Q: 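Would you mind keeping the following structure in view while I ask a few things?
Remember, it's 1-based here, ligands and their atoms both numbered in the order they're listed. Fair warning: this is a prediction, and the values are worked out from it, not measured in the lab. Counting from 1, the numbers follow the sequence of the chain as shown. What's counted below: heavy atoms across the whole structure, side chains too, no hydrogens, waters or symmetry copies.
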Amino acid sequence: MPLKLFCCDECIPERQNHVYIKEEGEDTTQYLPLSNIETIPGSLSERGCSYCGAKLVIGGVIKDCIQMIHGPVGCAYDTWHTKRYPSDNDNFQLKYVWSSDTKEKHIVFGAEKQLKKAIKEAFKEFPKIKRMFVYTTCTTALIGDDPKAVCREVEEELGDVDIFVVECPGFAGVSQSKGHHELNIGWMRDKIGTLEPEIKSEYTINVIGDYNIQGDTYVLQRYFDKMGIQVIAHFTGNVTYDQLRCMHRAKLNVVNCARSAGYIANELKRVYDIPRMDVDTWGFDYIKVALRKIGAFFGLEDKAEEVIADEVAKYEGKLNWYKERLKGKKVCIWTGGPRLWHWTKALEDDLGMEVVAMSSKFGHQEDFEKVIARGRVGTIYIDDGNELEFFEVLDNIHADIIFTGPRVGDLVKKLHIPYINGHAYHNGPYMGFEGAVNMARDMYNGIYSPMWSLAGKDPRVVQEL
Ligand code: CFM
C-alpha cells in the first residue's frame with residue numbers, strides 16, 4: 001500500500017490516502033487510492049461543480065439549441081468560450097450565452113417568472129431555433145424553483161419547441177462528475193425514444209463520450225462513413241438535439257469517455273438491450289484496436305482493415321519522425337480522469353515516452369483501477385490534486401512536458417516546463433491516427449521550443465526565480 005504524504009500536505013494528513021505510487025507486484029484489486037469523495041478542507045482543489053459537468057462538458061456541445069442557465073449571470077458567462085468544440089452549424093453553440101440573470105429580488109420572491117420571460121425572449125431572438133436546454137444552478141435550486149413546470153408551460157404556449165431541463169445545482173455531488181450523471185440519466189428518462197431516426201444502413205452505432213474537441217468527431221465520423229456505418233448520434237460532438245432523441249435505435253454503443261457518459265450506455269443496455277463496447281479513440285495503436293473491434297461486431301473486418309491501411313500509410317511515417325525525437329521524454333498528465341488511462345500507455349507504446357505522474361480531478365475508483373493497471377511502476381497517481389502538490393511533484397521528478405489546463409499550465413511555464421492543453425488541446429484534433437500525430441507534434445513543439453533555453457538565459461527572469 002505505497003501511499004505518499006507530500007511535505008506540503010503535513011497540515012492535512014488525510015491527503016495521504018489520495019496519493020499512490022505503484023510498486024512492483026502491487027495487487028490493485030485489493031487497494032486503490034481514495035477518489036470521488038469530498039475534497040478535504042484546506043486542499044486547494046481544482047475540481048469543477050455539478051453544473052459545469054452538465055453544461056460545459058456535455059450539453060453545451062450540442063449544435064442547435066439554446067443553452068439557458070437559470071441563475072446569476074456569472075454561472076453562464078464563466079462556462080462560455082472556455083472549451084473548444086466546433087460544429088458544422090456555423091458554431092452556433094459557441095457564439096452566444098443565455099441566462100435568466102437572477103438577482104436578489106428573485107431569490108426572495110422566486111425566479112420562475114424571470115425564467116419564463118428569459119426562455120420566451122430567447123426563442124423570439126432566435127426564431128429558427130426550436131430546442132433548448134435549461135440548467136439549474138445553486139441559487140435557483142436552493143430557493144425551490146420548479147423549472148420543469150415552467151418549461152412545460154412554455155412548450156404548451158409556443159407549441160413547436162422542445163425543452164430539456166437538467167437539475168444540476170453546483171453543490172450537488174463532489175465534483176463535475178455528478179453533473180455528467182444527472183444529464184445522462186435525465187436525458188435517458190425524458191428524451192430518448194421520443195423520435196425515430198431515418199435508418200440508412202444496417203450497421204448503426206452511437207458514439208458515446210466524444211465531444212468534438214477541436215474536431216475529434218469529424219475524424220471518427222470519416223472512419224465510420226468509410227466502413228458504411230451510420231452514426232445515429234455522437235453523444236455529444238457536433239450533434240443535434242433531435243439526433244440524441246433517437247439513440248435507442250443504434251445496434252451498438254461505442255463508448256470512449258466512460259466517466260462522463262458510461263451511464264447512458266448502461267441505461268441503453270438496460271432498457272433497450274443495446275450492447276456497450278468500450279474503446280480508446282486516442283492513440284495510434286488503440287484506434288486500430290477500436291476499429292477492429294467495431295468491424296468484428298458487424299462482420300465488417302475487411303472494411304476496418306481498409307481504413308486502417310489507408311490511415312497507417314498516411315500517418316505512420318510522420319508519427320515515427322516524432323517518436324525518434326520524443327523517445328524517453330518524461331510526461332505528466334493532470335486532467336479530469338479518463339484521459340489518464342486513455343493516454344498513458346498510448347504515449348508509451350506509440351512514442352516510447354515515460355509517464356511519470358498523473359493526477360485526476362474527479363475520477364472514480366474504476367478510473368484508478370484502469371490507470372494503475374495501465375500505468376508504470378514508480379509513477380505517482382494523485383486524486384483531486386492541488387497546486388502545491390503539483391509543484392512538489394516537479395521538485396522531485398524531472399518532467400519534460402505536462403498535459404494540464406491553462407491555469408496550472410501557465411504556472412508550470414514559469415518553471416520553464418512546457419505544457420499542452422490536456423483538456424481542449426493545443427492544435428487538435430487528437431483522436432484517431434491523425435490525432436496521434438497532432439498530439440506528438442504539439443509535444444515536440446513544446447519540448448524543443450527555443451523559448452525555454454532563451455527564457456533561462458534572461459538574467460531578469462533568473463533573478464526573479
Ligand atoms: Fe471525459 Fe472529456 Fe475527460 Fe470529462 Fe473534463 Fe474534458 Fe477532462 Mo477537461 S468528458 S472526463 S469532464 S474525456 S472537460 S472532454 S478534458 S476534465 S479527462
Q: Show me the side-chain donor-acceptor pairs of residues 351-362 shorter than 3.5 Å, one per line, residues at least two apart or across chains.
A:
unit_1, atom_1, unit_2, atom_2, d
S360, OG, G336, O, 3.1
S360, OG, G363, N, 2.8
K361, NZ, E46, O, 3.4

Q: Considering only residues two or more places apart or on different chains, which pairs with a residue in residues 329-361 satisfy ring pair (Phe, Tyr, Trp, His ring centres under 6.0 Å)?
A: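 Listed by first then second residue: W282-H342, W282-W343, W334-F390, W343-F403.
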Q: For atom 1 (Fe) of ligand 1, what is the closest protein heavy atom, and at what distance to 0.1 Å?
A: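 Checking every protein heavy atom, the shortest distance to atom 1 (Fe) of ligand 1 gives C257 SG, 2.2 Å.
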Q: Look at ligand 1 and say whether P338 reaches it with a heavy atom at a distance under 4.0 Å.
A: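 Yes, P338 has a heavy atom closer than 4.0 Å to ligand 1.
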Q: Name the closest protein heavy atom to atom 4 (Fe) of ligand 1, giving the residue it belongs to and the distance to 0.1 Å.
A: F362 CZ, 3.9 Å
Q: Pick whichever of K361, E46, K83, H423 has a heavy atom sitting closest to atom 13 (S) of ligand 1.
A: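 That would be K83.
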Q: One pair to check against ring-ring contact (aromatic ring centres under 6.0 Å, His included): Y203 and F224. What are the steps and the verdict?
A: CA-CA 10 Å; Y203 315 112; F224 297 129; over 10 Å; no
Q: State, with a plain yes or no, whether a side-chain heavy atom of L300 is found less than 4.5 Å away from one of I294.
A: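 The answer is no; the side chains never approach within 4.5 Å.
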Q: Report the C-alpha distance between Y444 and Y322 in whole Å, list the side-chain angles of each, state the deciding distance to 0.1 Å, and finish with yes or no for ring-ring contact (aromatic ring centres under 6.0 Å, His included).
A: CA-CA 7 Å; Y444 170 81; Y322 290 115; 5.7 Å; yes
Q: Could you tell me which atoms of ligand 1, counted from 1 in the order shown, lie closer than 4.0 angstrom to a heavy atom of G337?
A: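 Going through ligand 1 atom by atom, the ones under 4.0 Å from G337 are 17 (S).
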Q: Would F164 and Y241 count as a ring-ring contact (aromatic ring centres under 6.0 Å, His included) if you check the C-alpha gap in whole Å, the side-chain angles of each, and the deciding distance to 0.1 Å?
A: CA-CA 10 Å; F164 173 62; Y241 185 100; 7.4 Å; no
Q: Of the listed options (G336, G179, G237), which comes nearest to atom 17 (S) of ligand 1 when hydrogens are ignored and any heavy atom counts?
A: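 Nearest option to atom 17 (S) of ligand 1, by heavy atoms: G336.
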Q: Identify which of H342, Q176, R339 has a heavy atom lying nearest to atom 2 (Fe) of ligand 1.
A: R339
Q: What atoms of ligand 1 come closer than 4.0 angstrom to any heavy atom of V57?
A: 9 (S), 11 (S), 13 (S)
Q: Hey, is G53 one of the residues with a heavy atom under 4.0 angstrom from ligand 1?
A: no
Q: I'd like to know if H180 contacts ligand 1, where contact means a heavy-atom distance under 4.0 Å to any ligand atom.
A: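 A heavy atom of H180 does come that close to ligand 1.
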Q: Between R189 and W187, is NZ or CZ placed under 6.0 angstrom from the six-membered ring centre and within 45° of the ring axis?
A: no
